[in-house]
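Lettering follows sequence order; numbering is per chain, from 1.
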Amino acid sequence: MEKVTADRVFINELSQHVGQEVTIKGWLYNLRSSGKILFPQLRDGTGVVQCVAVKASVTPEIWDALKGLGQESALAIRGTVRADSRAPGGYEIDLIDAQIFSEVHDYPITPKEHGTEFLMDHRHLWLRSRRQHAILKVRHTVVKAVRDFFDNDGFTLADAPIFTPAACEGTTTLFEVDYFDGEKAYLTQSGQLYNEATAAAFGKVYCFGPTFRAEKSKTRRHLTEFWMVEPEMAYATLDDVMTLAERMLAYIAGRVLVDRVEELKVLERDTAKLEAIVPPFPRLHYDDAVKMLHEGHEKGLLETRFEWGGDFGAPDETYISSHYDKPVMVHHYPAEVKAFYMARDPERNDLALGVDVLAPEGYGEVIGGGERATSLEFLKEQIALHELPQEAFEWYLDLRRYGSVPHAGFGMGIERCTAWMCGIEHVRETIPFPRMLYRLRP
RNA sequence: UCCGCAGUAGCUCAAUGGCAGAGCAUCCGGCUGUUAACCGGAGGGUUGUAAGUUCGAAUCUUACCUGCGGAGCCA
């Protein structure tokens, strides 16, 4: 077979090569034929392009080789780029030559519909599909936007460790690791406590990495391994953190709208929903949120009457957020339902200076955060009250012994944010290889 | 962990107590503009597993396994 010799270009660059002879290296996305004319569609990771091979214009060897190719065969083609409204994507390549790298005849994922289990079992191949490709491109942009946002705002990236000796959330959701001599280690649930140390060193910091929670949760919003970005600011309050959260979310949505136009089309995302994500976001005191839930119950829109003092369930969150077309920030939760390190409202000691950001359209809690307690004595009490081993937290208590200041931060789940941006049902599609209860492979 | 639903060809599904089928995929053939192309033909089955009821079970019963949806908890 002849060598493919023209300059290699990528499919998303074709508009700059109209009239030129180019080489595309990729995989066969689909093949249609009509007698003496073949329409192979190639994908190369940047897009999909339709090629046209006319029997009279190529050698018999190339014709026969192309004719028999199955989906996902690997090949390079040489041809002339042409704008054509009949082609999906707007550009078409008149094929001159082809080189087959790998011939495939039994690719399991066909253009027809498949079930969730089958697709999840073939996740390593499913990633090649147009929709999955679009979702992960959006994820990439969400991550990039997050990093740019903090980098441009004077934050220092200071990542937290993944092996930790103690929990910062509840102890029921820890993954145990048996490796360190004579001591149990756990996979991190949050970089929160370490962030407080680096914030005292750098002022404004963030960490970004994988997080592990052994919750027996089987919902569209849960993964056992997920990625979280956590900013932390010294000399900052609950209000500062809410302002930071709304600025960040608006920045992310803006970047996705600009950088992922094609992907949002593939996903059939209603972009008006993303355009609405601009500050200020409504701020709702927990007491007022509870009032809202009571009204919802009286109107018959909520099954059970919410009791003051609890944390919101999924239907409660959805009901609250349904009143707004922007994310809503619920603040001043009862201290009892929040972590031990939360600062208290000086006027009402039973309330914590915490905030949850509830995304619209039922996407639920995408951000949780707040102001941290500054008093050494208070934290010692809380550690005892929660029956946590104080010796494990001595380093953390040092942060209160040596230059304790008001500080605040939050955590955002990248997958929940990405699912929201994409407008998709389940977070499992927003990470290349999801880890869930009952899902370790592939 | 609890509640609900489902498991039949490689995939998506039909067959509701009486011959296990269709579309897609695969293979063979046809078609010079296809858009999840179309047309003709072929191959493809331990009906999730085990036991039970019955003359007869994909179908009814029980247990188990697997998956999906929801709840609690969370980002």
Side-chain angles (χ1 to χ4, degrees), chain A residues 29-41 48 50-57 63 67-68 70-72 82 84-89 92 94 104-122 125-126 129-130 168-173 189-192 208 210-230 245 303-304 310-318 337-339 355-359 363-369 410-420 425-428 430-431 436-439:
Chain A
Y29 197 72
N30 195 10
L31 177 66
R32 287 184 284 267
S33 72
S34 179
K36 305 287 183 291
I37 182 166
L38 292 173
F39 298 95
Q41 289 192 333
V48 178
Q50 173 163 290
C51 306
V52 184
V54 178
K55 190 173 187 181
S57 310
W63 177 262
K67 198 178 60 174
Q71 205 185 335
E72 289 303 316
R82 179 166 46 72
D84 194 315
S85 58
R86 290 171 295 186
E92 206 168 64
D94 288 318
V104 176
H105 290 284
D106 53 356
Y107 187 67
I109 300 177
T110 69
K112 289 276 183 180
E113 71 268 23
H114 299 282
T116 306
E117 184 186 7
F118 178 80
L119 290 170
M120 289 300 290
D121 284 343
H122 294 84
L125 302 177
W126 190 22
S129 301
R130 204 187 291 253
C168 36
E169 311 280 336
T171 48
T172 52
T173 64
Q189 296 173 303
S190 161
Q192 159 66 39
F208 177 56
T211 306
F212 309 87
R213 297 200 183 162
E215 291 158 355
K216 301 287 184 201
S217 307
K218 225 173 75 80
T219 81
R220 67 183 64 170
R221 295 208 285 268
H222 284 88
L223 296 169
T224 51
E225 177 184 320
F226 66 99
W227 285 66
M228 187 154 66
V229 60
E230 295 173 276
E303 264 183 47
T304 49
D311 212 344
F312 305 128
D316 304 319
E317 282 184 0
T318 303
V337 300
K338 290 290 171 186
V355 58
D356 281 354
V357 181
L358 308 181
Y363 282 96
E365 189 183 339
V366 289
I367 286 178
F410 64 75
M412 180 180 77
I414 290 293
E415 290 77 15
R416 284 190 185 175
C417 181
T418 303
W420 170 33
E425 274 294 300
H426 205 297
V427 291
R428 66 184 160 218
T430 65
I431 186 166
M436 300 179 291
L437 187 63
Y438 311 129
R439 172 63 67 177

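Side-chain N/O atoms of A/H222 include none lying less than 4.0 angstrom from OP1 or OP2 on B/rC73. A/R439 has no side-chain polar atom (N or O) that falls below the 4.0 Å cut-off from OP1 or OP2 of B/rC68. OP1 and OP2 of B/rA25 both lie 4.0 Å or more from every side-chain N or O belonging to A/K112.
Without hydrogens or angle criteria, A/E225 side chain to A/T211 main chain gives no donor-acceptor distance under 3.5 Å. Judged by distance alone, the side chain of A/T110 and the main-chain N or O of A/K112 form a donor-acceptor pair under 3.5 Å. Using modelled atom types, no side-chain atom of A/R428 and backbone atom of A/L223 make a donor-acceptor pair closer than 3.5 Å. No side-chain donor-acceptor contact under 3.5 Å links A/S217 to the backbone of A/T219. Put simply, the side chain of A/Q71 gets close to the backbone of A/I109: a donor and an acceptor are under 3.5 Å apart.
Taking a centre distance below 5.5 Å and an interplanar angle below 30 degrees as the stacking criterion, A/F226 stacks against the six-membered base ring of B/rA75.
Relative to the side chain of A/E365, the nucleotides B/rU32, B/rA36, B/rA75 differ in distance, and B/rA75 lies closest. Residue A/L223 places its side chain closer to B/rA75 than to any other of B/rG69, B/rA75, B/rC11. Comparing B/rA75, B/rC27, B/rC31 by their closest approach to the side chain of A/H105 singles out B/rC27. Here the side chain of A/R82 is nearest to one of B/rG72, B/rU32, B/rG33, namely B/rG33. For A/K218, taking side-chain heavy atoms from C-beta onward, the closest of the listed nucleotides B/rC74, B/rA75, B/rG69 is B/rG69. Comparing B/rA36, B/rC74, B/rG72 against the side chain of A/E113 picks out B/rA36 as the nearest. For A/T219, whose side chain is taken as the heavy atoms from C-beta onward, the closest listed nucleotide among B/rA36, B/rG72, B/rC31 is B/rG72. Minimum atom distance to the side chain of A/S34 is reached by B/rU32, of the listed B/rU32, B/rG67, B/rA75. Between B/rC68, B/rU12, B/rA25, one nucleotide has an atom nearer to the side chain of A/T110 than all others, and that is B/rA25. Side-chain proximity of A/R213 to B/rA75, B/rG33, B/rU12: nearest is B/rA75.
If you check every strand for non-hydrogen atoms under 4.0 Å, A/R130 touches nothing. Within 4.0 Å of A/G364, counting heavy atoms only, lies no atom of the nucleic acid at all. In this structure, A/F410 reaches neither bases nor backbone, as no heavy-atom distance under 4.0 Å exists between it and the strands shown. Counting any heavy atom pair closer than 4.0 Å across all strands shown, A/H122 reaches no nucleic acid atom. Among the heavy atoms of the strands lying under 4.0 Å from A/F118 are primed sugar atoms or P, OP1, OP2 only; no base atom is included. Residue A/E92 is in base contact, counting any heavy-atom pair closer than 4.0 Å across all strands shown. Looking at heavy-atom distances under 4.0 Å, A/D356 makes no contact with the nucleic acid at all. Residue contacts for A/P108: at a heavy-atom cut-off of 4.0 Å it reaches no nucleic acid atom on any strand shown.
Separating the CD1 atom of A/I431 from the C1' atom of B/rA75 is a distance of 13 Å, rounded to the nearest angstrom. When rounded to the nearest whole Å, the span between CD of A/Q189 and C1' of B/rC74 equals 10 Å. The distance from atom CD of A/E303 to atom P of B/rC3 is 18 Å, rounded to the nearest whole Å. Regarding A/K67, its NZ atom lies at a distance of 17 Å from the C1' atom of B/rU34, rounded to whole Å. One interatomic measurement links the two molecules: NE2 of A/H114 to P of B/rC24, which rounds to 14 Å at whole-angstrom precision. Between A/K338 atom NZ and B/rA75 atom P the separation is 7 Å, expressed in whole Å. Atom pair A/R32:CZ and B/rC39:P shows a separation of 15 Å (rounding to whole Å applied). Rounded to an integer number of Å, the gap from A/I109 CD1 to B/rU26 P is 14 Å.
Comparing B/rA20 with B/rC13, their C1' atoms sit 13 Å apart, to the nearest whole Å. Spacing of P atoms, B/rG21 relative to B/rG45, comes out at 12 Å, to the nearest Å. B/rA75 and B/rG4: their C1' atoms are spaced 27 Å apart (whole Å). Taking atom P in both B/rG17 and B/rA58, one finds a spacing of 13 Å when rounded to whole Å. Only the P atoms considered, B/rG40 is 9 Å distant from B/rG23, to the nearest whole Å. Nucleotides B/rC24 and B/rA36 are separated by 9 Å at their C1' atoms, to the nearest Å. B/rU61 and B/rA22 have their P atoms separated by 29 Å, given to the nearest Å. Nucleotides B/rG41 and B/rC31 have their C1' atoms positioned 16 Å apart, rounded to a whole Å.
In terms of position on RNA chain B, the residue among A/M120 and A/V54 whose nearest nucleotide sits closer to the 5' end is A/V54. Positionally, the nearest nucleotide of RNA chain B for A/V104 lies more toward the 5' end than for the other of A/I37 and A/V104.
The CZ atom of A/F212 lies 11.0 Å from the CD atom of A/Q189; values are rounded to the nearest 0.5 Å.
Partner assigned to B/rC27 is B/rG41, using Watson-Crick or G-U wobble distances below 3.5 angstrom. As the counterpart of B/rG17, no nucleotide is assigned, since no Watson-Crick or G-U wobble pattern has both distances under 3.5 Å. For B/rG52, the paired nucleotide is B/rC60, the pair qualifying as Watson-Crick or G-U wobble because both relevant distances are below 3.5 Å. When both pairing distances are held under 3.5 Å, B/rU12 makes a Watson-Crick or G-U pair with B/rA22. Nucleotide B/rC73: unpaired (no Watson-Crick or G-U wobble partner with both distances less than 3.5 Å). Across every strand in view, B/rG33 sits unpaired, with no contact that passes the Watson-Crick or G-U test at under 3.5 angstrom. With a cut-off of 3.5 Å on both Watson-Crick or G-U wobble distances, the partner of B/rU66 is given as B/rA6.
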**Report entry** Verdict with reasoning, A/K218 to A/M436, per side chain to side chain contact (heavy atoms under 4.5 Å, CB included)
**Finding:** CA-CA 8 Å; A/K218 225 173 75 80; A/M436 300 179 291; over 6 Å; no
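Taking the six-membered ring for Trp and thresholds of 30 and 60 degrees, A/F118 and A/H122 have ring planes inclined between 30 and 60 degrees apart.
Counting heavy atoms from C-beta on, the side chains of A/Y29 and A/R130 come closer than 4.5 Å. Within the 4.5 Å cutoff, no side-chain heavy atoms of A/R221 are placed close to those of A/Y363.
A donor and an acceptor atom sit less than 3.5 Å apart, one in the side chain of A/Q50 and one in the base of B/rU34. If you check distances only, the side chain of A/R416 does reach the base of B/rC74 with a donor-acceptor pair under 3.5 Å. Remark: the A/T116 side chain and the B/rC68 base include no donor-acceptor N/O pair separated by less than 3.5 Å. Side-chain N/O atoms of A/E425 and base N/O atoms of B/rG69 include no donor-acceptor pair closer than 3.5 Å.
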